[in-house]
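Report on one structure; see the data block that follows.
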Amino acid sequence: MKPKIFIDGEHGTTGLQIRTRLAGRTDLEVISIPEEERRNKDMRADYLRAADIAILCLPDDASREAVSLLHGHNDTRIIDTSTAHRIHADWAYGFAELEKAQRERIKSARLVANPGCYPTGAIALVRPLRDAGLLGSDHAISVNAVSGYTGGGKQMIAQMEDPNNPEHISANNFLYGTSLRHKHVPELQMHGRLEKRPVFSPSVGRFAQGMIVQVPLFLDQMQGKHSLKSIHEALTAHYAGQDIVRVVPLEESANAGRIDAEELAGTDGMKLYVFGTEGDGEVNLVAVLDNLGKGASGAAVQNMDLMLS
Ligand SMILES: NC(=O)C1=CN([C@@H]2O[C@H](COP(=O)(O)OP(=O)(O)OC[C@H]3O[C@@H](n4cnc5c(N)ncnc54)[C@H](OP(=O)(O)O)[C@@H]3O)[C@@H](O)[C@H]2O)C=CC1
Ligand SMILES: CC(=O)N[C@@H](CCC(=O)OP(=O)(O)O)C(=O)O
């Protein structure tokens, strides 16, 4: 029998993208709730319980509700794309490239929390350097990022695209999360293995999909003596043998000139760059991804495939 997949929140931004990715699949059966019933709790409960894997593409509260609807129904495995369970001890963190054991953890887990889009980029840059001992646990990290506006879901898409929306946003590029208490910070801190809360400053640009996440570092604050080359080597070693995260060769980075936030829009991969000038004291680590690709829907499908393997 083919595994049954239910996407709770199928008609939202992340859900639709997962639906599209699964459209041509003959190895599984997507069970779909009619759009007009998407908030019908009893019907959702039936679909959730009928599924082998439920992918939750809902706001945090609705995700918690979906999990409670599955209480006692342990045959359904869950992938939650919301922020609700990303630092919960019972949930496997759905970033397969996090460390060697992560793929196996996801494969065997019943509960998988898909990472946030910004943390996907930042953790991809920081965690290998923490694990390889280049960064101490008390290292102070700053993360500056820009996302396409689909990162804000249906509501922000309408605000950015519809001039008649009562909450229309006219800015082409705006900073937010200025209290430095964005909901992604705890996840970044925990899975980045950082003692100090990172400074995280997100922003949004007038483009639909894509993202740049930057982590600048001072070499004299790192553990040991480091260079662009040794940092690049540590990242390259960490991501060897997989094909989703690409560490861009130093020479290619040096010649890159401009980095386009939309570079990987519409794809499920991620590129990591090490920028700077060899011999100087600073580097800028940069991740480029699609907020809806490796940052959300692409990662959810990757996790689903691992769970089905
Ligand atoms: N967009 C992105 O780039 C990313 C999003 N995520 C996360 O994915 C999740 C979904 O986000 P996104 O797709 O952007 O959001 P959207 O607002 O685009 O979609 C959410 C969907 O959930 C439905 N919904 C809301 N409340 C309930 C409820 N109580 N019961 C059933 N359905 C409900 C909405 O229905 P209705 O149309 O009626 O409102 C809508 O279809 C969020 O937790 C978000 O943080 C994670 C990474 C990246
Ligand atoms: C541009 C924008 O608004 N982005 C969202 C994050 C999108 C995302 O990653 O969703 P999760 O919070 O579920 O991880 C935000 O900052 O709240």
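All values derive from a computational prediction rather than experimental measurement. Below, each value reflects all heavy atoms present in this structure, side chains not excepted, and no hydrogens, waters or symmetry copies.
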Considering residues, nucleotides and ligands other than [X], do more than 12 of their heavy atoms fall under 6.0 Å from its [atom1]?
{"X": "E278", "atom1": "CD", "value": "yes"}
{"X": "D90", "atom1": "CG", "value": "yes"}
{"X": "R197", "atom1": "CZ", "value": "no"}
{"X": "F218", "atom1": "CZ", "value": "no"}
{"X": "E161", "atom1": "CD", "value": "yes"}

Margin query: With a 4.5 Å cut-off on side-chain heavy-atom distances among I, L, V, M, F, W and Y, is there a chain of contacts connecting L98 to L272?
Written below: yes

Closer than 3.5 angstrom, by distance alone: can the side chain of [X] be matched with the main-chain N or O of [Y] as a donor-acceptor pair?
{"X": "H232", "Y": "V248", "answer": "yes"}
{"X": "N291", "Y": "G210", "answer": "yes"}
{"X": "T81", "Y": "L56", "answer": "yes"}
{"X": "T277", "Y": "D280", "answer": "no"}
{"X": "H226", "Y": "L219", "answer": "no"}
{"X": "E187", "Y": "G116", "answer": "yes"}
{"X": "Y239", "Y": "P128", "answer": "no"}
{"X": "R44", "Y": "R39", "answer": "no"}
{"X": "E252", "Y": "P249", "answer": "no"}
{"X": "R105", "Y": "Y93", "answer": "no"}

Assign the ring pair H182 / H184 to parallel, tilted or perpendicular, where the plane angle (0 to 90°) is split at 30° and 60°.
perpendicular

Would you name the heavy atoms of [X] and [Y] that are closest together and state the gap between them?
{"X": "N165", "Y": "Q159", "result": "ND2-N, 3.9 Å"}
{"X": "V204", "Y": "N173", "result": "O-ND2, 2.9 Å"}
{"X": "R21", "Y": "S297", "result": "NH1-CB, 3.9 Å"}

Legend entry - Stepwise side-chain contact (heavy atoms from CB on, under 4.5 Å) check, T76 with I53: CA-CA 5 Å; T76 302; I53 297 183; over 6 Å; no

Salt bridge between [X] and [Y], side-chain N to carboxylate O under 4.0 Å?
{"X": "E10", "Y": "R38", "result": "no"}
{"X": "E29", "Y": "K2", "result": "no"}
{"X": "R193", "Y": "E99", "result": "no"}
{"X": "R127", "Y": "D131", "result": "yes"}

Would you compute the distance between atom [atom1] of [X] and atom [atom2] of [Y] and round it to the nearest 0.5 angstrom?
{"X": "L250", "Y": "K229", "atom1": "CG", "atom2": "NZ", "answer": "9.0 Å"}
{"X": "N114", "Y": "W91", "atom1": "CG", "atom2": "CH2", "answer": "10.5 Å"}
{"X": "I106", "Y": "R77", "atom1": "CD1", "atom2": "CZ", "answer": "11.0 Å"}

Ring pair (Phe, Tyr, Trp, His ring centres under 6.0 Å) filter on Y47, not counting sequence neighbours, yields F6

Open item on the list: Working note: Y118 + F200, criterion ring-ring contact (aromatic ring centres under 6.0 Å, His included); need CA distance, chi angles, decisive distance, verdict.
Closed with: CA-CA 9 Å; Y118 294 115; F200 171 46; 5.0 Å; yes

Sorted by chain and residue number, the side chain to side chain donor-acceptor pair (under 3.5 Å) partners of H191 (sequence neighbours excluded) come out as none

Taking side chain as C-beta onward, heavy atoms only, is [X] less than 4.5 Å from [Y]?
{"X": "V215", "Y": "S142", "value": "no"}
{"X": "S137", "Y": "L194", "value": "no"}
{"X": "R25", "Y": "L28", "value": "yes"}

Check: Would L129 and L285 count as a side-chain contact (heavy atoms from CB on, under 4.5 Å) if you check the C-alpha gap in whole Å, the side-chain angles of each, and the deciding distance to 0.1 Å?
Finding: CA-CA 11 Å; L129 305 186; L285 307 180; 3.6 Å; yes

| said: Could you walk me through whether H11 and I33 satisfy the side-chain contact (heavy atoms from CB on, under 4.5 Å) test, starting with their C-alpha distance in whole Å, then the side-chain angles of each, then the deciding distance to 0.1 Å, before giving a yes or no? | reply: CA-CA 9 Å; H11 306 97; I33 198 165; 4.2 Å; yes

